[in-house]
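Here the structure is laid out as structure tokens; the discussion comes afterwards.
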Amino acid sequence: ALGLALLSLADVGAMQAVLGTLALVVLVIAIASRTSHDAALVVLAVTLLWSLNPKPGPDERDHDPQVGQDVIVAIGDSYMSGEGSDTYFRGTNHDRGDGDKNTCRRAPSAYPFQVQEKLTEQGTKLGLLDVACSGALARHFTTKAQYPSEPVHRWSRGEREMKNDGSHAQTQLEQVSDAIARRELRPKLVLVSIGGNDAQFSVIGGTCGLAGDCSVMGQEFLDNLDPPVSDIPLLAGAEPKGVRLKIRAVYTAIRQTFASIDPQPQILVVPYPVPVNESGCRTSVLRPNEHRFINGFARALNRVLEDEAARAGLAYLTEGVDVFTTKRARICDVAPSAAAANQLAASPIEGLFLQRATPKSWFHSTFHPTAKGHELVADAILEWIARHPLGSQPLDPDPNVSGRPVPDVGDIMGKGFDFCGSKVRSPATCHLNRSAWMTGAMTRLLWTLLVPLGLIVWGALSLAVVMMRRWRFLFVLKSLQVGAT
């Protein structure tokens, strides 16, 4: 108990402290008992790893649009693909080594499918062309295929052309153009979600909740949204620096892809719903400061997306930013089981034992929308469609739109907050970059944890000794009783 109390004082979240302590106590008792308990524990762990192997998902081909059909087109990243679901389409959630990998994690519960289903219920029957892929960056839309197996299956009516590198892999926009041409599809609505991975949202999620308060390193992430533009021209084929310019290039390419279609479909940019409240709570793996930073960072990213959408002439789902907020469904607004976003969510992956046994392969669903979250986004899109009926005239580009300035950490966290890179005062724990900060924070945490962890191990060993003595006493007593009879 004293060790657990010291852990809570060592800037370790309550959930991490309790779960870590329980795991350590069970392990120490199992090993110290010198009985079959430790073997049983190993067997249980192996069984757990095998049981985590996901069940085969449905076949994506069953949901492909028919030839000549009016369709919704979905292009995007994990917030659109369905990352966070319990089931993924076959072939989109595996890592078998040797380059045989596809973790796009498209799911039938994702909001593009829910929009399609609800429109069908309302009497508007549309097909769905979904090429969204978890982990997608801006370049995966235009210049670099994300996985060699994308798309997972061939569009009917012939093979795709082989590229110079000998692969059939396609970028998301190449997949869309190919499918439209081969199946003579007629896009009526294009849903777009991109920018979160370029903004390193997944890195933020992995950094926060660990050792130290990641909000002090927040300026590094904010600077990446809209860094100063260099006077040196980019080399041919080079990727622009910063999220704003990358998104500007992608939005332009998206508009050009659909420009030749008559009539042109509406293109709707779907922002990233703010997943956490501003203040935190006892059940969160994040600290209160981290809640405030992630909340503010998501809003800053969405403002960049909104500005660039207006510049490119794309519609923007304004209500999408606070769709979890207005329904009181953010992390810490409600109980974890009722939230619209996951916290620590274990989700298995198909593949070899080594890939499945790696914890990094388990927690990819963390901070992604749940099925409820996708439903809320789908409802917001349907409300937008009700105000902008399919077939309405698309917006015109406005190159005069100037991007709003990105806030700094002080603007998000409040006046007087000390952060790395501050012109007033930086914390003593700051280093040159995030990696150095994380290394330093983990080192300080380990030193801080030595005493409480030592007490926990000592307590667990003491408990193991008591249990062993009691077990031996009961064994001897039972033996004497048997002998007496």
**Asked** Under 3.5 Å, is there a donor-acceptor pair between the side chain of T92 and the main chain of F89?
**Response** yes

**Item:** C104 backbone acceptor or donor facing N102 side chain under 3.5 Å
**Value:** yes

Side-chain donor-acceptor contacts of residues 117-127 below 3.5 Å, not counting sequence neighbours, with atom names and distances?
from, atom 1, to, atom 2, distance (Å)
K118, NZ, D379, OD1, 2.6
T120, OG1, Q116, O, 2.9

Under 3.5 Å, which donor-acceptor pairs link side chains of residues 396-410 to any protein atom two or more places apart or in another chain?
from, atom 1, to, atom 2, distance (Å)
D398, OD1, N400, N, 3.1
R404, NE, D307, OD1, 3.0
R404, NE, D307, OD2, 3.4
R404, NH2, E306, OE1, 3.0
R404, NH2, D307, OD1, 3.0
D408, OD1, G410, N, 3.0
D408, OD1, D411, N, 2.8

**Asked** So, K246 side chain and K241 main chain: donor-acceptor pair closer than 3.5 Å or not?
**Response** no

**Prompt:** Do Y147 and T103 get their side chains close enough for a donor-acceptor pair, meaning under 3.5 Å?
**Reply:** yes

**Asked** Are any of the side-chain nitrogens in K327 or E375 under 4.0 Å away from the carboxylate oxygens of its partner?
**Response** no

**salt bridge (Lys or Arg N to Asp or Glu O under 4.0 Å) partners for R186, two or more places apart** = D70

**Message:** Please evaluate residues L376 and F324 with respect to the criterion side-chain contact (heavy atoms from CB on, under 4.5 Å), reporting the C-alpha separation (whole Å), side-chain torsions for both, the decisive distance (0.1 Å), and the verdict.
**Reply:** CA-CA 7 Å; L376 292 177; F324 295 173; 3.9 Å; yes

**Item:** From L382 atom CG to Y111 atom OH, the distance as rounded to the nearest 0.5 Å
**Value:** 12.5 Å

**Asked** Can you find a heavy atom in the side chain of I331 that is under 4.5 Å from one in the side chain of N277?
**Response** no

**Prompt:** Considering residues at least two apart in sequence or located in another chain, which fulfil the side chain to side chain contact (heavy atoms under 4.5 Å, CB included) criterion with S392?
**Reply:** Q266, P389

**Item:** Any donor-acceptor N or O pair under 3.5 Å, side chains E83, S78
**Value:** no

**Side chains of D178 and Q175 in contact at under 4.5 Å (non-hydrogen atoms)** = no

**Complete:** Scanning both residues in full, the closest heavy-atom pair of L128 with P65 reads O-CD, 3.3 Å

**Asked** Where do T142 and A253 come nearest, in terms of heavy atoms and distance?
**Response** CG2-CB, 3.6 Å

**Request:** Using a 4.5 Å cut-off on heavy atoms from C-beta on, say whether the side chain of F417 contacts that of I412.
**Result:** no

**Asked** For S279 and H291, does a side-chain donor sit closer than 3.5 Å to a side-chain acceptor?
**Response** no

**Prompt:** To the nearest 0.5 Å, what is the distance between CZ (R311) and CZ (R255)?
**Reply:** 13.5 Å

**Prompt:** Is N197 reaching over with its side chain to a backbone N or O of A136, donor-acceptor style, under 3.5 angstrom?
**Reply:** yes

**Request:** Walk me through it: do F258 and V176 pass the test side-chain contact (heavy atoms from CB on, under 4.5 Å)?
**Result:** CA-CA 10 Å; F258 296 96; V176 168; 3.8 Å; yes

**Message:** For a side-chain contact (heavy atoms from CB on, under 4.5 Å) check, start with the C-alpha distance between L268 and V192, then their side-chain angles and the critical distance, and finish with the verdict.
**Reply:** CA-CA 6 Å; L268 178 62; V192 180; over 6 Å; no

**Message:** Is any side-chain heavy atom of Y251 closer than 4.5 Å to one of V269?
**Reply:** yes

**Minimum heavy-atom distance between P108 and T87, given as atom pair plus value** = CD-O, 3.8 Å

**Nearest heavy-atom neighbours spanning A329 and V334** = CA-CG2, 4.3 Å

**Asked** Can you tell me how far the CG atom of D226 sits from the CD atom of E308, to the nearest 0.5 Å?
**Response** 8.0 Å

**Message:** Using modelled atom types and a 3.5 Å cut-off, is there a donor and acceptor pairing between side-chain atoms of D333 and backbone atoms of V276?
**Reply:** no

**Message:** Main chain of I385, side chain of H388: is a donor-acceptor contact present, judged purely on distance under 3.5 Å?
**Reply:** no

**Prompt:** Would you call R90-E60 a salt bridge at under 4.0 Å N-O?
**Reply:** no

**Asked** Quick one: does Q172's side chain have a donor or acceptor within less than 3.5 Å of a partner on G76's backbone?
**Response** yes

**Asked** Where the side chain of Y272 meets the backbone of G196, is there a donor-acceptor pair that is under 3.5 Å apart?
**Response** yes

**Request:** Check the pair E319 / L317 against side-chain contact (heavy atoms from CB on, under 4.5 Å), numbers first and verdict last.
**Result:** CA-CA 6 Å; E319 301 84 358; L317 186 66; 3.6 Å; yes

**Residue list, side chain to side chain contact (heavy atoms under 4.5 Å, CB included) with T252, at least two apart or on another chain** = Q256

**Asked** When D322 is tested against each of R299, R330, R328 for salt bridge (charged side-chain N to carboxylate O under 4.0 Å, His left out), which residue passes?
**Response** R299

**Asked** Is there a donor-acceptor contact under 3.5 Å from the side chain of S81 to the main chain of R105?
**Response** yes

**Prompt:** Can you find a heavy atom in the side chain of V216 that is under 4.5 Å from one in the side chain of D418?
**Reply:** no

**Asked** L129 versus I72: any side-chain heavy-atom pair under 4.5 Å?
**Response** no

**Request:** Could you tell me which residues satisfy side chain to side chain contact (heavy atoms under 4.5 Å, CB included) with S109, sequence neighbours excluded, listed by chain and number?
**Result:** S85, A107

**Request:** Work out which heavy atom in N342 is nearest to a heavy atom in P369; give both atom names and the distance.
**Result:** ND2-O, 4.0 Å

**Request:** Please round to the nearest 0.5 Å and tell me the distance separating atom OG of S215 and atom CZ of F221.
**Result:** 11.0 Å

**Whether D213 side chain and N289 backbone form a donor-acceptor pair below 3.5 Å** = no

**Prompt:** Would you say the side chain of L189 lies within less than 4.5 Å of the side chain of P265, judging by non-hydrogen atoms?
**Reply:** no

**Fill in**
Residues C214 and E290: closest non-hydrogen pair is N-OE2, 3.2 Å

**Complete:** Rounded to the nearest 0.5 Å, the SG atom of C133 sits from the CG atom of D77 at a distance of 9.5 Å

**Message:** Would F201 and F367 count as a ring-ring contact (aromatic ring centres under 6.0 Å, His included) here? Give the steps.
**Reply:** CA-CA 10 Å; F201 218 131; F367 299 127; 8.6 Å; no

**Asked** What distance separates S149 OG from K101 NZ, expressed to the nearest 0.5 Å?
**Response** 11.0 Å

**Asked** Heavy atoms, side chains only, cut-off 4.5 Å: are V73 and L185 in contact?
**Response** no

**Asked** Relative to each other, are the rings of H63 and F113 parallel, tilted or perpendicular (30° and 60° limits)?
**Response** perpendicular

**Message:** Taking E278 first and then R292, would you say they form a salt bridge - that is, a charged N and a carboxylate O separated by under 4.0 Å?
**Reply:** no

